[in-house]
Amino acid sequence: MSGTMGTRHAAPLREQVATAIRTEIIDGALAPGERLYEKDLCDRYTVSRTVVREALRQLESEALVTVKPGHGPMVTVLTPADIEALYEVRQELEGLAAELFARRATPEQARAMLELVANMEQSYLHGTLETRGDSKDAFYGLLLSGAGNPVLSAQLAGIHARIGIFRQISFVDLDRVQISYPEIVAIAEAAARDRDAAAARALAVSHIAHASQLAILEYTKRFSGAGPASDATTGVSAEA
């Protein structure tokens, strides 16, 4: 990410800066443990210190940024226990989403889900990093729309923001993509074709349990030395 922001009038500057920094964290341009200097961020985004501080406070509330006395703000460093805790919650939320979709989705939503996962053979299984991300976003958007629970949608959005750093890891790992796609198809078929709520939930939970194992392994391998004093610029990518 270049640090530039388009259409600055489209949203409050604080929100635009928070979005830009969040994207750099998720994409790995800002690595775990990397210090976030206010002056550098002001220069990069051509905004005031007040705007930068507000953006950092917002990202701190999302647990993407950590502020420690004597160190200032930095990109949050996760432990294996942190990652496991996030994925434990994620798998329950996504399991519930799959269950509710099976119970509540309209026939039109069910047909759309089956069409989407069929198209994902090209866009996800044989796609690029970008098309994999777009198709997985579409999958979750439709899943949550069919589940019909705005509280669940909001809670899962927060979890997805926090585990965003693992997204590209899963999309780059072709072995994981080969495993992940049949799992996605199985969830969709149970929820949208068979309307089997229990099976849909169990399959979604299993899918995220597999993703959790990869997340812990790759994050530990890539960032085992990250810490408060780090100014690393190592790249990583990010959700399974």
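Along the sequence shown, residues carry numbers from 1.
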How long is the span from the [atom1] atom in [X] to the [atom2] atom in [Y], to the nearest 0.5 Å?
X      : Y      : atom1 : atom2 : answer
Gln91  : Ile159 : CD    : CD1   : 11.5 Å
Asp137 : His160 : CG    : NE2   : 9.0 Å
Met113 : Ile187 : CE    : CD1   : 9.0 Å
Arg53  : Cys42  : CZ    : SG    : 8.0 Å
Ser135 : Glu130 : OG    : CD    : 10.5 Å
Arg104 : Ser145 : CZ    : OG    : 12.0 Å

With heavy-atom distances below 4.5 Å as the criterion, would you say the side chains of [X] and [Y] are in contact?
X      : Y      : result
Arg49  : Glu54  : no
Leu96  : Leu152 : yes
Ser48  : Val51  : yes
Ile216 : Glu84  : yes
Arg193 : Leu114 : yes
Glu62  : Arg22  : yes
Glu94  : Val205 : no
Val65  : Ile25  : yes

[X] versus [Y], closest heavy-atom pair with distance:
X      : Y      : value
Glu183 : His210 : OE2-ND1, 2.5 Å
Arg201 : Glu99  : NH1-OE1, 2.6 Å
Leu142 : Ala112 : CD2-C, 3.5 Å
Phe101 : Ala191 : CD2-CB, 3.8 Å
Leu143 : Ala97  : CD2-CB, 3.9 Å

Under the 3.5 angstrom rule, does the side chain of [X] hit a backbone N or O of [Y] as a donor-acceptor pair?
X      : Y      : result
Thr23  : Thr19  : yes
Arg103 : Ala147 : no
Gln109 : Thr106 : yes
Tyr181 : Val117 : yes
Arg195 : Ala102 : yes
Asp194 : Asp196 : no

* To do: Could I get the full list of salt bridge (charged side-chain N to carboxylate O under 4.0 Å, His left out) partners for Arg132, not counting sequence neighbours?
  => none
* Chi angles and distances behind the side chain to side chain contact (heavy atoms under 4.5 Å, CB included) call for Arg44, Glu24 -> CA-CA 12 Å; Arg44 180 182 304 182; Glu24 293 201 57; 3.0 Å; yes
* salt bridge (charged side-chain N to carboxylate O under 4.0 Å, His left out) assessment of Glu60 paired with Arg57 -> CA-CA 5 Å; Glu60 184 182 12; Arg57 279 197 294 269; over 6 Å; no
* Does the pair Thr131 and Asp134 meet the rule for a side-chain hydrogen bond (donor to acceptor under 3.5 Å, both in side chains), with working shown? -> CA-CA 5 Å; Thr131 63; Asp134 289 345; over 6 Å; no
* Asked: Which residue, Leu59, Val52, Leu56, forms the side-chain contact (heavy atoms from CB on, under 4.5 Å) with Pro73?
  -> Leu56
* Asked: Is there a path from Ile208 to Ile179 through hydrophobic residues (I, L, V, M, F, W, Y) whose side chains come within less than 4.5 Å of each other?
  -> no
* Going hydrophobic residue to hydrophobic residue with side-chain gaps under 4.5 angstrom, can you get from Phe139 over to Val185? -> yes
* Test Tyr45 against Gln16 for side chain to side chain contact (heavy atoms under 4.5 Å, CB included), laying out the working first. => CA-CA 9 Å; Tyr45 300 117; Gln16 292 185 61; over 6 Å; no
* How far apart are the C-alpha atoms of Arg162 and Arg90, what are their side-chain angles, what is the distance that settles it, and do they pass the side chain to side chain contact (heavy atoms under 4.5 Å, CB included) test? -> CA-CA 10 Å; Arg162 293 190 64 184; Arg90 182 188 174 194; over 6 Å; no
* Set of side-chain hydrogen bond (donor to acceptor under 3.5 Å, both in side chains) partners for Thr66, sequence neighbours left out -> Thr76
* **Stepwise side chain to side chain contact (heavy atoms under 4.5 Å, CB included) check, Val177 with Leu125** => CA-CA 6 Å; Val177 170; Leu125 184 59; 4.1 Å; yes
